[in-house]
Amino acid sequence: MPLIPYICTTCGVQYPPSATPPLACKICEDDRQYVNPKGQSWITLAGLNQQYKNKIEQVAPNLYAIYTKSAFGIGQRAHLLITPGGNVLWDCISNIDQKTIAEVNKLGGIKAIALSHPHYFTTIVEWSKAFGNAPVYINALDEEWLCRRDASLHLWEKQEITLWDDIKLICSGGHFPGGSVLYSPQNDGLLLVGDVIQVSPDLKSVSFMYSYPNLIPLSKKDILQIQQSVSHLKYQAMYGAFGRYILKGAMAVMDFSVSRYLRIFEA
């Protein structure tokens with residue numbers, strides 16, 4: 001029987017090639033995620049390509065969102081940051097096809113991929129291979145959640161590392177121990193945050209959760225840790241994983257949101 005790298009339909013994470021689908025998805029069985037009430041189910045990348053299409057749109061100077069229509073899995077967006085030293089793909093979506101690869105190559109390709117946390121590990125090995133085995137940066141604190149391994153995966157261990165053009169990966173913790181954000185000085189400073197910091201629908205506040213689908217909040221200690229991890233940075237904009245963006249005054253929004261949480265904790 002052919003070996004197939006099956007993809008969980010609920011979280012979108014791909015597993016190593018196997019003759020039959022895995023019995024369970026360890027990402028979904030964790031209490032930060034959930035198993036579909038209808039039961040665990042799987043899909044192949046070929047099946048994804050047939051049923052779904054990706055869209056790429058510019059959301060700011062030198063920044064593009066890549067997402068699947070209609071939504072698959074968690075429904076997050078990846079973001080392609082264009083820089084003089086090479087492009088960074090921040091977070092991943094499960095669906096990758098030849099049209100997407102061609103469009104990304106027109107924008108300069110991908111020099112490296114960086115992930116915020118395990119829920120967006122998706123088909124990272126497929127994305128890396130499609131762009132010349134681009135290195136994939138994952139914080140080492142989240143290594144246990146890797147469902148499919150490859151030589152392209154690079155586990156970083158420091159609180160903060162610099163890639164190029166002063167692009168930084170910062171371990172903020174919270175949602176997962178290795179939960180990370182990306183900082184770039186472009187456009188007067190920006191943060192790509194996944195949902196380690198969740199941009200709220202009002203675009204005037206952010207939220208911090210241990211589990212979003214199961215509505216489990218973070219502790220005061222974890223929220224203060226996230227705030228401290230980015231307190232040394234200067235940034236105007238913040239880009240979340242679900243198409244919600246704060247384009248100005250993001251630092252003030254961050255401080256306001258943390259203060260609001262602390263008032264509730266102390267009530």
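Note that the structure is a prediction, hence the values are computed from the model and not measured.
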Practice task
For Gln228, check side-chain contact (heavy atoms from CB on, under 4.5 Å) against everything at least two apart and list the hits.
Solution key: Ser231
Exercise for the section: Report yes if the side chains of Gln225 and Gln227 come closer than 4.5 Å at any heavy-atom pair, otherwise no. Expected result: no
Problem - Reported CG-to-CG distance for the pair Asn95 and Leu48, which is rounded to 0.5 angstrom - result: 5.0 Å
Problem - Pair listing, side-chain hydrogen bond (donor to acceptor under 3.5 Å, both in side chains) test, anchored in residues 99-109, at least two apart - result: Asn54-Thr100, Asp97-Thr100, Lys99-Glu103
Handout entry: Asp165-Thr83 side chain donor-acceptor pair, cut-off 3.5 Å
Key = yes
Problem - Residues Ser211, Met209; criterion side chain to side chain contact (heavy atoms under 4.5 Å, CB included); working and verdict - result: CA-CA 5 Å; Ser211 169; Met209 297 286 281; over 6 Å; no
Problem - Close side-chain approach of Ser18 to Tyr6, heavy-atom, < 4.5 Å - result: yes
Fill in the blank from the handout: Apart from Leu247 itself, its cluster of hydrophobic side chains linked below 4.5 Å comprises Val59, Leu63, Leu81, Val88, Trp90, Tyr137, Trp156, Ile161, Leu163, Trp164, Ile167, Leu169, Leu182, Leu190, Leu192, Tyr239, Tyr245
Completion exercise
Minimal heavy-atom distance between Ile27 and Pro118, with the atoms involved, is CD1-CB, 4.0 Å
Problem - Shortest non-hydrogen separation from Phe208 to Val196 and the atoms involved - result: CD2-O, 4.3 Å
Exercise for the section: Using a 4.5 Å cut-off on heavy atoms from C-beta on, say whether the side chain of Glu160 contacts that of Tyr183. Expected result: no
Exercise for the section: May I ask you to check whether over 12 heavy atoms, not counting those of Gln98, lie within 6.0 Å of atom CD? Expected result: no
Problem - Linked, directly or transitively: Leu203 and Val206 (ILVMFWY side chains, under 4.5 Å) - result: yes
Exercise for the section: Salt-bridge test for Arg148 and Asp150: reply yes if a basic N is under 4.0 Å from a carboxylate O, no otherwise. Expected result: no
Exercise for the section: Report yes if some heavy atom in the side chain of Pro16 is under 4.5 Å from a heavy atom in the side chain of Arg149; otherwise report no. Expected result: no
Completion exercise
Nearest heavy-atom contact between Ala134 and Ser152 is O-CB, 3.8 Å
Problem - Cationic N near anionic O, under 4.0 Å, Glu266 to Lys220 - result: yes
Problem - Min side-chain heavy-atom separation Ile93-Ile66 under 4.5 Å - result: yes
Practice task
Measure from NZ or CZ of Arg32 to the centre of the six-membered ring of Phe176, then state whether that distance is under 6.0 Å and the direction lies within 45° of the axis.
Solution key: yes
Completion exercise
Rounding to 0.5 Å, atoms CG (Asn214) and OH (Tyr34) come to a distance of 9.0 Å
Exercise for the section: Any chance you could measure His175, atom NE2, to Ile216, atom CD1, to the nearest 0.5 Å? Expected result: 10.5 Å
Exercise for the section: Using a strict cut-off of less than 4.0 Å between a Lys/Arg side-chain nitrogen and an Asp/Glu carboxylate oxygen, indicate whether Asp188 and Lys248 qualify as a salt bridge. Expected result: no
Practice task
Please say whether more than 12 non-hydrogen atoms of neighbouring residues, nucleotides or ligands are located less than 6.0 Å from CD in Glu157.
Solution key: no
